[in-house]
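Everything on this sheet refers to the single structure shown next.
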Amino acid sequence: MKKRILPVLCIIIAGSVFLSGYSKKTMQSEENVVAYADKYIDLHLHLDGAITPDIAKKLAEVQKIELPTDDDKELEKLLTVPEDCTNLNDFLKCFALPDSLMMTKEGLSEAVYLVAENIQSQGVIYAEIRFAPQLHTEKGMSQEDAVLAALEGLKRTDLKANLILCCMRGDGNEAANYETVELAKKYLVEDGGVTGIDIAGAEAIYPTSDYSELFAKAKEYGIPFTIHAGEADGAESVKYAIEYGAVRIGHGVRINEDKSVEELVKNKGIYLEMCPTSNRQTHAVKDMADYPLIDYLNNGIKVTLNTDDMAIEGTTLANEYRYMEKNFGLTPEQEKLMLANSIDAAFTSENVKNELRKELGFE
């Protein structure tokens, strides 16, 4: 596991001790760091990126699958980003093992349930768990089987959560992507199931501009969607996503490469699903000293804070907040603003949004 250089950050809030990451941005002294958030909302969480070693072992046991190793440290290495990760494509290689544990209905259902329970134990009160049904068909499941299995797992948890179905960037999978959209239409609900779609994968190799017809179909069906953009590819990718009708952007960290796109995001009220540790590890941002999240907030852009692939990255949403507090001076007011943004951006019902506002003390 590639570990961040972790200074111990002690923040006395509800008697908790948190860990924070490293960046070259202005560091705050420990006694000056004040946290607001101890309850969290994760809008950008990949199921296969959230399979911790403990969850992997449970999935293997349930399905009678032999893991590549019995050694916990070696298993952790297989499930987390390597030391020599240089870009998003290298990062994506880490998904092979967790995906292999979710090729049956039982495995996929259990994975959704276990991930939901895990993040709830970490203070998450609402999450949108995204996965690509087409990546779970190697052992005979159909995409629809995969969706139904994930829905079954979701029903078993008390966490307020929904599913986002991911299409995938790539060659030769056009039919699979359209099938995913059709399944999203079939199972679309306001809350407690499938509430949106996305497209993920190698953005720089398969640009957003290639997927206009796919998202035109989703828009025709009235399916809410977010699009991974402005991560491995630049600001123009975000511009295309907004033109297609995306109301949220997965990452969007590179919109500052084109001020006109940054203003477009601001003026249209587009929500950014930002994920600092992920962006650092995939080198989506060249220098984390220049990480733009605070600048975006100050410019009036609707930022949300998320994990992306928490197990692969070795993080939690609490750690992401502590990281931003320690290294970038994130204030309680800004944390409250991002949580409010997350509620407003969520693909869920107004009833659930009001419940979340009440739980966070916004009403």
Angle between ring planes, [X] versus [Y], binned at 30° and 60°: parallel, tilted or perpendicular?
X      : Y      : answer
His228 : His44  : perpendicular
Phe328 : Tyr323 : tilted
Phe215 : Tyr244 : parallel

In this structure, are over 12 heavy atoms from other groups packed under 6.0 Å from [X] atom [atom1]?
X      : atom1 : result
Asp70  : CG    : no
Lys353 : NZ    : yes
Tyr296 : OH    : yes
Glu66  : CD    : no

Cationic N near anionic O, under 4.0 Å, Glu262 to Lys259: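 A salt bridge is present here (some side-chain N lies under 4.0 Å from a carboxylate O).
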
Shared hydrophobic cluster for Ile129 and Ile164 (ILVMFWY, side-chain gaps under 4.5 Å):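 No, it is not one cluster - the side chains of Ile129 and Ile164 are not joined through contacts under 4.5 Å.
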
ILVMFWY cluster, Leu135 and Val147 together (side-chain gap under 4.5 Å):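 They do not share one cluster, since no chain of ILVMFWY contacts under 4.5 Å joins Leu135 to Val147.
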
Kindly give the heavy-atom pair with the smallest separation between [X] and [Y], and that separation in Å.
X      : Y      : answer
Thr195 : Pro224 : O-CG, 3.5 Å
Asp48  : Ile312 : O-CD1, 4.4 Å
Gly329 : Gln334 : O-OE1, 3.9 Å
Ile41  : Asn306 : O-OD1, 4.1 Å

Does some side-chain heavy atom of [Y] sit less than 4.5 Å from a side-chain heavy atom of [X]?
X      : Y      : answer
Thr226 : Glu128 : no
Asp38  : Tyr321 : no
Tyr211 : Tyr206 : yes
Leu272 : Ile255 : yes
Lys217 : Ile223 : no

Exam field: side chain Ser121 to backbone Asn118, donor-acceptor pair closer than 3.5 Å: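 At least one qualifying donor-acceptor pair exists.
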
Judged by modelled atom types alone, do [X] and [Y] share a side-chain donor-acceptor pair under 3.5 Å?
X      : Y      : answer
Thr277 : Glu313 : no
Asp191 : Thr348 : yes
Asn354 : Arg357 : yes

Stepwise side-chain hydrogen bond (donor to acceptor under 3.5 Å, both in side chains) check, Thr180 with Asn177: CA-CA 5 Å; Thr180 301; Asn177 280 340; 5.0 Å; no

Criterion side-chain hydrogen bond (donor to acceptor under 3.5 Å, both in side chains) on Glu152 and Tyr113, from CA distance to verdict: CA-CA 8 Å; Glu152 196 276 334; Tyr113 168 71; over 6 Å; no

Gap separating the CZ atom of Phe347 from the CZ atom of Arg248, nearest 0.5 angstrom: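 Between atom CZ of Phe347 and atom CZ of Arg248 there are 4.0 Å.
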
Nearest-0.5 Å distance, CG of residue Leu317 to OG1 of residue Thr307: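 So the gap between those two atoms works out to 6.0 Å.
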
Those residues that, when tested against Ser209, pass side chain to side chain donor-acceptor pair (under 3.5 Å) (two or more places apart):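 If we apply the side chain to side chain donor-acceptor pair (under 3.5 Å) test to Ser209, skipping adjacent residues, there are no hits.
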
